[in-house]
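Report on one structure; see the data block that follows.
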Protein chains: 4
Amino acid sequence: MLGEAGILPGDEVQQILDGLQQVEKELAAGKFPFREDDEDIHLNIERRLTELIGPVGGKLHTGRSRNDQVATDVRLWCRNQIDALREGIHTVVTALLDAAERELAAETVLPFYTHLQRAQPVLLAHHLLAHVEALGRDFDRLHDAAQRVNECPLGAGAGAGAGYPVRPERSAELLGFSQACRNSLDAVAARDFAAEILADLSLLMVHLSRLSEEFILWSSQEFGFLTLDDAVTTGSSIMPQKRNPDGAELVRGKVGRVLGHLQGLLTTMKALPLAYNKDLQEDKQALFDAVDTTQLALRVSAAMIQSARFDRGRMRAAIENRAGYANATELADYLAAKGMPFREAHTAVRQLVDEARAADKRLEELGLARLQQAAPVIEADVLDALTTAAALRKRAAPMGTSPSRVRAALAAARERWSTPPDA
Amino acid sequence: MLGEAGILPGDEVQQILDGLQQVEKELAAGKFPFREDDEDIHLNIERRLTELIGPVGGKLHTGRSRNDQVATDVRLWCRNQIDALREGIHTVVTALLDAAERELAAETVLPFYTHLQRAQPVLLAHHLLAHVEALGRDFDRLHDAAQRVNECPLGAGAGAGAGYPVRPERSAELLGFSQACRNSLDAVAARDFAAEILADLSLLMVHLSRLSEEFILWSSQEFGFLTLDDAVTTGSSIMPQKRNPDGAELVRGKVGRVLGHLQGLLTTMKALPLAYNKDLQEDKQALFDAVDTTQLALRVSAAMIQSARFDRGRMRAAIENRAGYANATELADYLAAKGMPFREAHTAVRQLVDEARAADKRLEELGLARLQQAAPVIEADVLDALTTAAALRKRAAPMGTSPSRVRAALAAARERWSTPPDA
Amino acid sequence: MLGEAGILPGDEVQQILDGLQQVEKELAAGKFPFREDDEDIHLNIERRLTELIGPVGGKLHTGRSRNDQVATDVRLWCRNQIDALREGIHTVVTALLDAAERELAAETVLPFYTHLQRAQPVLLAHHLLAHVEALGRDFDRLHDAAQRVNECPLGAGAGAGAGYPVRPERSAELLGFSQACRNSLDAVAARDFAAEILADLSLLMVHLSRLSEEFILWSSQEFGFLTLDDAVTTGSSIMPQKRNPDGAELVRGKVGRVLGHLQGLLTTMKALPLAYNKDLQEDKQALFDAVDTTQLALRVSAAMIQSARFDRGRMRAAIENRAGYANATELADYLAAKGMPFREAHTAVRQLVDEARAADKRLEELGLARLQQAAPVIEADVLDALTTAAALRKRAAPMGTSPSRVRAALAAARERWSTPPDA
Amino acid sequence: MLGEAGILPGDEVQQILDGLQQVEKELAAGKFPFREDDEDIHLNIERRLTELIGPVGGKLHTGRSRNDQVATDVRLWCRNQIDALREGIHTVVTALLDAAERELAAETVLPFYTHLQRAQPVLLAHHLLAHVEALGRDFDRLHDAAQRVNECPLGAGAGAGAGYPVRPERSAELLGFSQACRNSLDAVAARDFAAEILADLSLLMVHLSRLSEEFILWSSQEFGFLTLDDAVTTGSSIMPQKRNPDGAELVRGKVGRVLGHLQGLLTTMKALPLAYNKDLQEDKQALFDAVDTTQLALRVSAAMIQSARFDRGRMRAAIENRAGYANATELADYLAAKGMPFREAHTAVRQLVDEARAADKRLEELGLARLQQAAPVIEADVLDALTTAAALRKRAAPMGTSPSRVRAALAAARERWSTPPDA
């Protein structure tokens, strides 16, 4: 750019470019002679360049300041990390889709829960696809954040703009940015792009923590829905029977850390006058650790999902055994369909559930006679209506959990996620 | 929708619609008979509807659950609030652009600051445009958030999907959503859209706090750059001389509150298993208060900017008086342009600044002879190079603070912000 | 104080006191004529006083400023709230101790969990006493906070100290403070006492959330350890079988809110120069809502514990049924006691657990012969060692879960909590 | 303890102790052969001990579990760090007291500020002592936290208590704890002591940030109250005149980080069921980094204060020059003392200030005649009343800023801080 703009003569530009290629080789080979007292990477490179090509190396810095360079570096780093994070999400989603496909084929059912109480039957595939939706929004948020990251601060100088006829748009283009920043003071003072990424990662971690919480619950002896692979569990040095879901706990435990970094950076940015203040250097520690932590959580999540063995029998039993009464809504709906006002139907079923619970029976096991006594509109077809299969089939509208609908939803998700994240 | 899908017969639909219009009138007139024991707005309306049109009113609820209704309500509310918030940002930006235009015409200059130390001269218009850039990204972030808000959960039922052949896309369309949600469990369990809004508002408040901090600094006796209007200042009951920048402090002080709501909701969402949990109702308190607080901050900010009287003389003096040495960089650049290596030039100027500071003089007041003694390359044209006008003119590349460049930047910003926010 | 210090003559003091008693009566009777444009409570009272007793009412304000008055008011409020919060904790603890006593008498056992995996048998009373310990520290923290709250800012004036020979220690004494503040600037600028209370409440809420999480888990169909009272559960408008643990979810959900207030106030206080800034008024909203929220959580927690019915059979079954193997550690300890190195014993038991799990048997059901084959040191007494009673008895050292030890711990806790909180 | 309790025979105890002394030497000499696959420090030591003394080394672990050991280690570490942090605070306070003493001797005055507007004259020593008060509460809070840290979890085993007749009180005594924990489940599940420390450090950092903010303001060209030492400032690679207050910005910028750790750990702890969960290991990263960060901030703060050179002339000028009118309150008080109702006096002075401001004069420079015209009660002694010395003298009540009072306050503070922190 400095050459094209006529700020430096062509031969000096060539010398600098040759020198920088040498520097790049040294860096790639791990042989670059870093010096602590050169303060940062820019001064190291400038010093080394000058050693290699003489005083003209000092012209590398023409029209630049540490303020705009640092802002540029952080944005370049963020851009690459966003790509990598989206790859990581893509891997988790693929694992979820693969699992959903397997479990759809196996017709695996389980109750979904509200308030951690059994609610109604759903296909496990439907449940897994719910997580795909949430991760899809995280994926999109990072895409949106990338648009704001992708502006190049070079040319802002220390804050007032470079004192040379630089061409910021050309610098931006050469570095793969979509455009240059528009205001020099903002270019060196802004860190909202960093906080936005931390907010996106916080939500992503929250979503992963919800999945992890379910895996922890499901792998307890009480639920027994899931056996986790040895790779994501550990034993106990004392208790020989233990298979602790360490991977899932790690993901859940680390949410706090990422949330903390978000809060920390927002607090740091609060009430800073323009333009650059040293406080802003805190962005790096927060970003580095938050990205590392989230990438770890994505890898662990993917491994957990890929290797999870679902206990299909236990899941089905949670619908159909003598607790939970996940088909109670079906009975109320049945009554309503036969013309009983829904509030009345609700009350009648509630009483039947209480009675069945006291007798340790399923609703069906109360017998047709007893059911009819409670609600004379009941006919023999009620027994079919109370089956898990009927409950699923009935939810065939869009969003719902019927097998055909879930099959279509899975296909649509496969289609949506078929392109690689950086395309 | 229920009529179109054949779930309810046409006459019942008509009765319900007529009844709802009556309810709407009562609500508009403030005459709707709310009852506390009806728990929420849905049950109040259903009860009132039934009073008005009889038992068919109960069919309003067909295919719906409180879980999907509540999620729908919150999203509708968020959508409207986002529009209003973007209007609020637009008003602040317009105030900034108007001020920039006035101050550009007056050629108001001030030093920009890094580390709260005077750095180099900039146009005040340039400084104000920096804030416009930051607010522009907040404006865009809310736009992006609106895309994710704008999906309709109706049809999710309690979580497994409605037990009727509902048409969620049609419900979405009728309510002005861009589409229906895709998965019923996700539809009732997701609150990331709410947290995303809180994150966007946190960043917006951080940006407003940076502006407020500057207004507080600038209206101190030490800076004296700014006189705030009586409407945004208050006196003291004890100290008769006080004009406290209460408006700016209010904005700055309330950042914490919005950040707290963000953190609170993220914490609440952490590790909740699917689908709905009562914890999620905490979204409302956080959203309501964060939106109110941010709207207040936007209104106060707009009022402050609109009525601010900048002390152009004091601002210029901060560049040109015997402190700060905001033209020291110009001298170093001058030397470099004359062929002195920049590091040497930097050292020479640093010594001259020390000497001038000790003698309580401006750099120019050291005299040409002394300057030339320090650096023989100096010629008489140095005195022009050290003027504020020259320093500004030199920064004519894109992003920079030269008058022509700022004029162009202002025009471009006017163009960008000419369309109303909801267009 | 103003009279005793000779600042106001005795007759004026008497007039003011008489007038204030009248004001107090009006306030108590809800008849005080508040005026919005009097800004705050102090100006309302002074205006009303002047209406009642004439211009001498204006002397109420002598030697005071809004800055020291506001700080005094907030501290008085905090002091009272701390007492009330400690009462609230005391009530929850009493409920826990009562439950522990009942369950100790019933010898209720359950596995404790690490990583949500069954670990070893404990007495339910022991488990409940663990929560008492945590709440005891919250109780103590609030006591410590009260020491710092309990300093009186009156006499600081606007910040430099009163311009009259006031006696701050006497004001402090009359208002029941333990002492006066020592520095006028600090007296009006400090809000760490408020943030400290919010930190204490955050930890208290975290502790209540851990208890609530257990109650939510335990009242799931999968655990089935607990039936919550109707007063703290709700049904579903759709699903007739539901008994949602709303109370516990409310407590858990509201942690975020209190944490948010803590974070908000800390953020607000960050980097404020001395002395008073308007930002500090944000302390009140945060304190008021955090205290209300925590008091609500304490009341709900107490109600939940008082009315909880534990399913002793389900709890014991979680130790003794064919899953969990909560006595595996006992077997390893048994082997170690017989001289087998612990690491070898651990390995042997792990294999036996795997075998038993595959065969859906308890360890004991593998038969003595099989056990002896795995570890020849085993003798017939192993079957006793594997009982729940033996496992409990063995943990008779201080801190442990043996019945005698828990009995002593409960008695000691009763003793410690016997004095009322404000004693 | 194991020997005293008769759990291990004396000769084995002796072997273990001898071996551990050898291990200690190896650790001290940096020659301990750590192995990554030994997972943690406990397993490393046990393995090495066994290499040194044979199989009896395995008995080191008798009656212990990783759960209680880890909790013990963290508490030991916290106890030591609290001592070190209190030392750090003590050093900062001493620097403040030394500076206060110097500036008291020099009778340095400055206006104190409310709302960043000049309020009234105070002694700089008085201002510095305000910071001492705040830090004193941080010092006390850490003392209180130490009481809760100082309980020993050893004997809790994995959570149910050790399966041996251990003596937890003796372990506590040997390790210098004030007592043993009282409940085994709580002993392994509690981390509130860690979060409490983070809350205390957050407040400490907030207090340091308030001091730093003042140092940043004061070292701006606009205030000019302070010259910071080269050791805590840096220059700019571009702008030769810059002396950036990097040290103060570092302290201010790092508040966010510590607040983030607090928030992170609280979030992590939320809703974890008892007893140990892997999530809790997140306490260490948070504690380590928060303590390191705070120690750094304390060191930087002490260095800043110790080397600060206050510009006494500029500070006095901020009271006495033609802006700010820091003696306006004195004039109002003077009028009130002469019998004019305070509200009238306040209004009269406000008008005089406006007039003086417009004429760019000090109040005194309006002339006695003009003053008397505004308020006939004024006599010639008003000119003395308007001096800075008179304003200070008048605030001689406790808490106030009169020289004699500040001298006494300084002496009292010296006395209070004379004992070393660990005494």
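In the text below, chain A, chain B and the rest are named by the order of the sequence lines, each starting its count at 1. Since this is a predicted model, take the numbers as computed values, not measurements.
- Chain A forms the most heavy-atom pairs under 4.5 Å with one residue out of B:A396, B:A158, B:A199, and that residue is B:A158.
- The residue among A:Q263, A:K394, A:K59, A:M205 with the most heavy atom pairs within less than 4.5 Å of chain B is A:Q263.
- Of the atoms belonging to B:A187, it is side-chain heavy atoms, and not backbone ones, that fall under 4.5 Å from chain A.
- The choice from B:G400, B:G161, B:A271 that makes the most heavy-atom pairs within less than 4.5 Å of chain A is B:A271.
- Side-chain atoms of A:R210 come within 3.5 Å of backbone N or O of B:A189 as a donor-acceptor pair.
- The backbone N or O of A:R141 sits nowhere less than 3.5 Å from a side-chain atom of B:D144 that would complete a donor-acceptor pair.
- Neither the backbone nor the side chain of A:Q147 comes within contact range of chain B; no heavy atoms are under 4.5 Å apart.
- For the options A:E330, A:E196, A:H207, heavy-atom pairs under 4.5 Å to chain B are most numerous at A:E196.
- Taking CG of A:N183 as the reference point, atom NE2 of B:H127 lies at 9.5 Å (rounded to 0.5 Å).
- Note: A:L203 leads A:N277, A:L203, A:T329 in heavy-atom pairs under 4.5 Å with chain B.
- The shortest side-chain heavy-atom distance between B:E213 and A:L272 does not fall under the 4.5 Å cut-off.
- Side-chain atoms of A:E133 never come within 3.5 Å of backbone atoms of B:R182 as a donor-acceptor pair (strictly under, hydrogens ignored).
- Heavy atoms only, all atoms of each residue included: B:M399 and A:C152 are closest at CE-O, 3.6 Å.
- Looking only at heavy-atom pairs under 4.5 Å with chain B, the residue among A:A190, A:C181, A:A195 that has the most is A:C181.
- Neither the backbone nor the side chain of B:P55 comes within less than 4.5 Å of any heavy atom of chain A.
- Of the listed residues (B:L262, B:L266, B:L198, B:L208), the greatest number of heavy-atom pairs within a distance under 4.5 Å of chain A belongs to B:L266.
- Of the atoms belonging to A:Y276, heavy atoms from both backbone and side chain fall under 4.5 Å from chain B.
- Between A:S184 and B:H126 the shortest heavy-atom distance is OG-NE2, 2.8 Å.
- When each of A:Q117, A:H61, A:H131, A:R393 is scored by its heavy-atom pairs under 4.5 Å with chain B, the top score falls to A:H131.
- When heavy atoms are compared at a cutoff of 4.5 Å, A:Q120 approaches chain B solely by way of its side chain, counted from C-beta outward.
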Intermediate values then yes/no, salt bridge (charged side-chain N to carboxylate O under 4.0 Å, His left out), B:R137 and A:D186: CA-CA 11 Å; B:R137 291 189 296 277; A:D186 177 59; 2.9 Å; yes
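- Considering all non-hydrogen atoms of both residues, A:Y164 and B:A397 come closest at O-CB, 3.7 Å.
- With chain A as partner, the option from B:V122, B:L129, B:N67 having the largest number of non-hydrogen pairs under 4.5 angstrom is B:L129.
- Ranking B:V255, B:T114, B:L274 against chain A, the residue ahead of the rest is B:L274, based on heavy-atom pairs under 4.5 Å.
- Counting heavy-atom pairs under 4.5 Å between each of B:V132, B:L259, B:V188, B:V166 and chain A puts B:L259 at the top.
- Within the 4.5 angstrom heavy-atom criterion, only backbone atoms of A:P153 (N, CA, C, O) approach chain B.
- Using a 4.5 Å heavy-atom threshold, the side chains of B:V206 and A:D192 count as separate.
- At a 4.5 Å heavy-atom cutoff, the contact between B:A134 and chain A is made by backbone and side-chain atoms alike.
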Assess the residue pair A:R343 and B:E46 against the criterion (salt bridge (charged side-chain N to carboxylate O under 4.0 Å, His left out)); give the C-alpha distance rounded to whole Å, side-chain angles, the decisive distance to 0.1 Å, and a yes or no. CA-CA 12 Å; A:R343 301 285 166 209; B:E46 185 180 332; 3.3 Å; yes
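- The two atoms that bring B:F112 and A:G159 nearest to each other are CZ-CA, 3.5 Å, heavy atoms only.
- Rounded to the nearest 0.5 Å, atoms CZ (B:R252) and NZ (A:K270) are 6.5 Å apart.
- Contact of A:T267 with chain B is made through backbone and side chain together, with heavy-atom distances under 4.5 Å.
- Proximity to chain B is limited to the backbone of A:L154, based on heavy atoms less than 4.5 angstrom apart.
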